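Scroll down for the structure; my scribbles are underneath it.
Predicted model, so just to flag it, every value in this text is computed and none were measured. Order of the sequence lines sets the chain letters (A, B, ...), proteins ahead of strands, with each chain counted from 1.
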Amino acid sequence: MATRKKAAKPATEKLASLTPAGRKESFFELVFEVARQIPKGRVTSYGAIAACLGARSSSRMVGWAMNGADKVKPKIPAHRVVNRNGMLSGKHHFATPTRMKELLEKEGIKVKKDTVVNFRELFWDPSEELI
DNA sequence: CGCCTGACGAAAC
DNA sequence: GGTTTCGCCAGGC
């Protein structure tokens with residue numbers, strides 16, 4: 001994602017389109033649904049969700065969808081979604097950069113250097129367990 | 001209407 | 001084996 005960009009993000013923080021006013025069921029909703037099913041104390045990756053939805057290559061969209069996670073009614077546990085590395089790549093999008101880590105630790109998940117410890121063991125695959 | 005960005009991922013170098 | 005690029009899709013400007 002580097003190089004191709006030239007300056008910091010200008011805006012794109014609106015996302016008001018996802019408001020409950022008249023949003024339609026889209027890829028985003030599917031992501032939200034799956035994200036809500038993530039058991040407490042477990043984590044998953046953007047790619048896993050995307051793959052579960054049949055959009056393996058659209059993992060980016062999953063992260064994008066998470067942008068609206070905060071404004072959806074049932075709060076989406078976006079903190080349980082990390083990248084394939086187990087790294088808290090989205091922590092910067094929370095109220096505070098440490099919020100995500102704190103939420104995870106509160107659920108019993110250890111975070112070391114912005115990375116979920118035992119990520120592989122805590123990994124929750126929607127394709128297998130969600131069915 | 002076209003270009004850029006973006007919380008990822010896998011391939012290419 | 002670390003770093004860089006492309007791909008994918010959707011939304012903002």
Inset, instruction - Confirm from the modelled atom types if A:Arg60 and C:dC9 form a donor-acceptor pair under 3.5 Å, side chain to base only. - result: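 Per atom types, no contact qualifies.
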Inset, instruction - Would you mind telling me which of B:dC8, B:dA7, C:dA10 lies closest to the side-chain atoms of A:Asn83? - result: B:dC8
Legend entry - Among C:dG11, B:dC8, C:dC8, the nucleotide that comes nearest once only the side chain of A:Ser59 is considered: B:dC8
Could you check how far [atom1] of [X] sits from [atom2] of [N], rounded to whole Å?
| X | N | atom1 | atom2 | answer |
| --- | --- | --- | --- | --- |
| A:Met61 | C:dG11 | CE | C1' | 9 Å |
| A:Trp64 | B:dG9 | CH2 | C1' | 17 Å |
| A:Phe119 | B:dG9 | CZ | P | 8 Å |
| A:Leu104 | B:dA7 | CG | C1' | 13 Å |
| A:Leu30 | C:dA10 | CG | C1' | 14 Å |
| A:Met66 | B:dT5 | CE | P | 24 Å |
| A:Arg84 | B:dA7 | CZ | C1' | 16 Å |
| A:Asn85 | B:dG9 | CG | P | 8 Å |

Inset, instruction - Check whether any side-chain heavy atom of A:Leu53 sits under 4.5 Å from a side-chain heavy atom of A:Val31, and report yes or no. - result: yes
Inset, instruction - May I ask you to test the A:Leu104-A:Leu88 pair for a side-chain heavy-atom distance under 4.5 Å? - result: yes
Inset, instruction - State which residue, out of A:Val111, A:Val116, A:Thr115, A:Val82, fulfils the side-chain contact (heavy atoms from CB on, under 4.5 Å) condition with A:Met87. - result: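 Option passing the side-chain contact (heavy atoms from CB on, under 4.5 Å) with A:Met87: A:Thr115.
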Legend entry - Reference residue A:Lys91; test side-chain contact (heavy atoms from CB on, under 4.5 Å); the match among A:His79, A:Met100, A:Arg99: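 Testing A:Lys91 for a side-chain contact (heavy atoms from CB on, under 4.5 Å) against A:His79, A:Met100, A:Arg99 leaves exactly one candidate, A:Met100.
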Inset, instruction - For A:Ala78, answer base if it contacts any base atom (sugar-phosphate contacts may also be present), sugar-phosphate if it contacts only those atoms, and nothing otherwise; contact means non-hydrogen atoms under 4.0 Å. - result: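 Touches a base.
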Inset, instruction - Could you tell me whether A:Arg42 and A:Glu107 have a side-chain N and a carboxylate O separated by less than 4.0 Å? - result: no
Legend entry - Whole-Å P distance, C:dT5 and B:dC4: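 Going atom to atom, P in each nucleotide, I get 16 Å.
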Inset, instruction - Determine the interatomic distance between C1' on B:dA7 and the same-named atom on C:dG2; round to the nearest Å. - result: 23 Å
